[in-house]
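Worksheet: the structure to be examined is printed underneath.
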Amino acid sequence: MAEAVKVLVQSGDAAEEVLVESSAPLASVVPGEDPAVLAAQIGDQVVDLTRPVGPAATVRLLRFEDAEGRRVFRHSSAHLLAQAVKRLWPDAQLGTGPALDDGYYYDLHLPEPLTEADLARLEQAMRDIVVESLPIRREELTREAALQLFQARGESFKQQIIERIPEGTAISVYRQGEFVDLCAGPHVPNTGVLAAIKLTSVSGAYWRGDEQQPMMTRVYGTSFPTAEALKAHLDRVEEAKRRDHRQLGQQLGLFQFRDESPGFVFWLPKGLKLFRRVEALSRWLQEQLGYEEVMTPWIYKDTLWKRSGHWDHYQDDMFLIDQREEHLGVKPMNCPGHAVLFGSTVRSYRELPVKWAEYSPLSRFERSGALHGLLRVRGFHQDDAHLFVRPQQIQEQIREVLELIDRLYGLFGMQVEVVFSTRPQDYLGDLETWEDAERQLSAALADWGRPYQLNPGDGAFYGPKLDFNAIDSLGRRWQTSTVQLDYQMPLRFDLSYTESDGSRVRPVMIHRAILGSVERFVGILIEHYAGDFPLWLAPLQARVIPITDDEADRGREMVRDLRAAGIRAEVDDRSEKLGKKIRDGQLDKVPVLLVVGAREREVGTVSVRSRAGDSGVYDWARYVEELVQQAALPLARG
RNA sequence: GCCGGAAUAGCUCAGUGGCAGAGCGCUCGCCUUGUAAGCGAGGGGUCGUGGGUUCAAGUCCCACUUCCGGCUCCA
């Protein structure tokens, strides 16, 4: 029966040809029974090592180092978690437990809420199962058998999942010891390889993400093949925590949130310096491209919002005011105001593109649970602009926006990723217009020459869009910029311009924000730089430190020199020891500390200490000049 | 909005039914200092808000507010 087949086994960068029986398990082609091999890939399918080799010509062995292998490892970890829960709370019902990018979770329905204190017990139960090194076995069953199995075990959520599995799909379960879970797999060969595990948090989550459905308890965890790798990961998490903009904002005196106005920022002087600096950059770059700034009302009558469509589609997210007879809404976006302005006069094709920028405050009534530091607020500012263009100008205008994004993010040393979302099912307008718009967008992207991710069918109903993720110094992605084509707003406001042949044509509106919310962007920058802002951005660039009170006057003089040269500086003239002032300067993350003692005062020099440490003694006048140069905006491609 | 947790001095936090605390910051005094914390004293709190249980509540219970972790949503 068994037939010998020749298989090319790829393992990491190496590949070797082996002759095996086609009925032998894939594990038999693993060189030296290497326990680091978790699963295998045949074609584009990831499978268990217990599967027979079959007619495969090429088998790729997957380890934790491979993204696919990692997912298997984390998925098996989720099963491990579920098994431990069932041991401690036999009445718990299983929901789902997928792998995440750097961990996994399992949603469970528990009779009692689980607290973080229970996590230690649960973790221990998981370790016990690791030590037991239970083999993990796959089993395929019929729909009826599967339903019966989970019904017998009282797993109502699993039954719901089975009922939603399309006819004809193989239904599989995985068993390890007394535990069995409905699962497509694949999994690692046994629980023993899940060596280093850690539960990180517990929270609630709706079954299937639906508010109408029961609330599940979601337990989050992560896992690694070795304790060292787990430690390294936990250190990275610590690092991210250390950079939390909310903590740094408090520590560095940048901004505050207060109960008196939840979701709105109190900017302190230092934080506002950052905010204004970032905003000024955006303004400056846009002015180069011929944008013009406008400022439009922030409160409008309901008639405007009804016309723009916000009344029907966005009302829940707006601050509404009933002022005597009038129904008013505070603006969550600038677009209706700009549309009104565009339509206020007769426009010629010669004027287009009209590019209006606005930095006005916007308000959105975010649900209370959604608020998160500067990253999600109710009152914010966008570096917003609307481009009113002729349909044939879309490509060149998009191209220009892409360059603007490059230049702005380049200043902060950040890369951006693009997601192109195309026509959804329920699109408005005619197909031809959509196809032309999408063609122009992809042409602009192609011209830009950067890879992008296509998200078919995820565009807005009024037009296709580009979303941008900025990647920070820890490799985290933040959705910031957005570019959206809009055919609906011009229609609703009956916008038009006169074409060269005298006909009236409807312009296309391009909504775009480069920083996105300035508040959010500042929050991202705080985390990106961990509060160690580059000199050009730092709210306080230099602090002068006189060593004794005898140099305090000289110190104040130096601050005057620095301020006259445009450097943001202050003096620390407290009667404290030098070491103390240096320490405080470092903790305040001041880029340069300028020490002046009797020696420096006598000969007109300064002892400079940067973040890296003592960097020597310089002539004062020359140093100020040099500092001014270092503090200039890094506009390399000016 | 929903689930879970939390709220004590300006900040970070201890206090587990019986006199409200520490470190840092702040004020004052002493010290006059050479690259990450000098010494001493002082001031500072309706223990988030409102109700309840108790002889007695920062502590236990309930409601509300805000924050944190998620869900949902999203710039």
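All chains are named by letter (A, B, ...) in the order of the sequence lines, taking the proteins before the strands, and each is independently numbered beginning at 1. The figures here come from the full heavy-atom set of this structure, side chains too, leaving out hydrogens, waters and symmetry mates.
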Could you tell me the Watson-Crick or G-U partner of [N], where both distances fall under 3.5 Å? Say none if there is no partner.
{"N": "B:C24", "value": "B:G10"}
{"N": "B:C2", "value": "B:G70"}
{"N": "B:A37", "value": "none"}
{"N": "B:A63", "value": "B:U49"}

In whole angstrom, give me the gap between the [atom1] atoms of [N] and [M].
{"N": "B:G45", "M": "B:A63", "atom1": "C1'", "result": "25 Å"}
{"N": "B:C61", "M": "B:C67", "atom1": "P", "result": "23 Å"}
{"N": "B:U16", "M": "B:C60", "atom1": "P", "result": "10 Å"}
{"N": "B:G69", "M": "B:U8", "atom1": "C1'", "result": "22 Å"}
{"N": "B:A9", "M": "B:C13", "atom1": "C1'", "result": "11 Å"}
{"N": "B:U12", "M": "B:A6", "atom1": "C1'", "result": "15 Å"}
{"N": "B:A14", "M": "B:G38", "atom1": "C1'", "result": "27 Å"}
{"N": "B:G44", "M": "B:U35", "atom1": "P", "result": "38 Å"}

Rounded to whole Å, how long is the line connecting atom [atom1] of [X] with atom [atom2] of [N]?
{"X": "A:H372", "N": "B:C68", "atom1": "NE2", "atom2": "P", "answer": "7 Å"}
{"X": "A:Q256", "N": "B:C11", "atom1": "CD", "atom2": "P", "answer": "8 Å"}
{"X": "A:L371", "N": "B:A75", "atom1": "CG", "atom2": "C1'", "answer": "13 Å"}
{"X": "A:N469", "N": "B:A75", "atom1": "CG", "atom2": "C1'", "answer": "12 Å"}
{"X": "A:D588", "N": "B:A37", "atom1": "CG", "atom2": "C1'", "answer": "13 Å"}
{"X": "A:L593", "N": "B:G34", "atom1": "CG", "atom2": "P", "answer": "16 Å"}
{"X": "A:E576", "N": "B:G25", "atom1": "CD", "atom2": "C1'", "answer": "11 Å"}
{"X": "A:D550", "N": "B:U32", "atom1": "CG", "atom2": "C1'", "answer": "7 Å"}

Side-chain N or O of A:K581 closer than 4.0 Å to phosphate OP1/OP2 of B:G38: no
Test item: side-chain donor near acceptor, A:T222 and A:D102, under 3.5 Å: no
Modelled atom types, side-chain donor and acceptor of A:H338 and A:E358, under 3.5 Å: yes
Nearest to the [X] side chain among [options], which nucleotide is it?
{"X": "A:S368", "options": "B:G1, B:G34, B:A75", "value": "B:G1"}
{"X": "A:P262", "options": "B:G34, B:U66, B:U33", "value": "B:U66"}
{"X": "A:K577", "options": "B:U33, B:C67, B:G70", "value": "B:U33"}
{"X": "A:I582", "options": "B:C73, B:A36, B:A37", "value": "B:A36"}
{"X": "A:L587", "options": "B:U66, B:U33, B:A36", "value": "B:A36"}
{"X": "A:L578", "options": "B:C71, B:G34, B:A75", "value": "B:G34"}
{"X": "A:T548", "options": "B:U32, B:A75, B:G38", "value": "B:U32"}
{"X": "A:S607", "options": "B:G34, B:U33, B:A37", "value": "B:G34"}

Face-to-face stacking of A:Y220 with B:G70, centres under 5.5 angstrom, angle under 30°: no
Comparing A:V377 and A:Q250 on RNA chain B - which has the more 5′ nearest nucleotide: A:Q250
A:G373 vs A:V595, nearer the 5' end of RNA chain B by closest nucleotide: A:V595
Contact check, side chains of A:D458 and A:T422, non-hydrogen atoms, under 4.5 Å: no
Quick one: the side chain of [X] and the base of [N], do they pair up donor-acceptor inside 3.5 Å?
{"X": "A:D259", "N": "B:U65", "value": "no"}
{"X": "A:Q586", "N": "B:A37", "value": "no"}
{"X": "A:R520", "N": "B:A75", "value": "no"}

So [X], base contact, sugar-phosphate only, or nothing? Heavy-atom distance under 4.0 Å.
{"X": "A:A513", "result": "nothing"}
{"X": "A:R609", "result": "base"}
{"X": "A:S481", "result": "nothing"}
{"X": "A:G579", "result": "sugar-phosphate"}
{"X": "A:E600", "result": "base"}
{"X": "A:R246", "result": "sugar-phosphate"}

Salt bridge (Lys or Arg N to Asp or Glu O under 4.0 Å): pairs with one or both residues in residues 252-270 of chain A, sequence neighbours excluded: A:R258-A:E260
By salt bridge (charged side-chain N to carboxylate O under 4.0 Å, His left out) - contacts of A:E527 (at least two apart): A:R476
A:R218 to A:Y106 six-membered ring, cation-pi geometry met (6.0 Å, 45°): no
Cation-pi, A:F380 ring and A:R364 (6.0 angstrom, 45 degrees): no
Side-chain donor/acceptor of A:Q541 to backbone N/O of A:L535, under 3.5 Å: yes
Which atom of A:S481 lies closest to which atom of A:I405, heavy atoms considered: CB-CD1, 4.0 Å
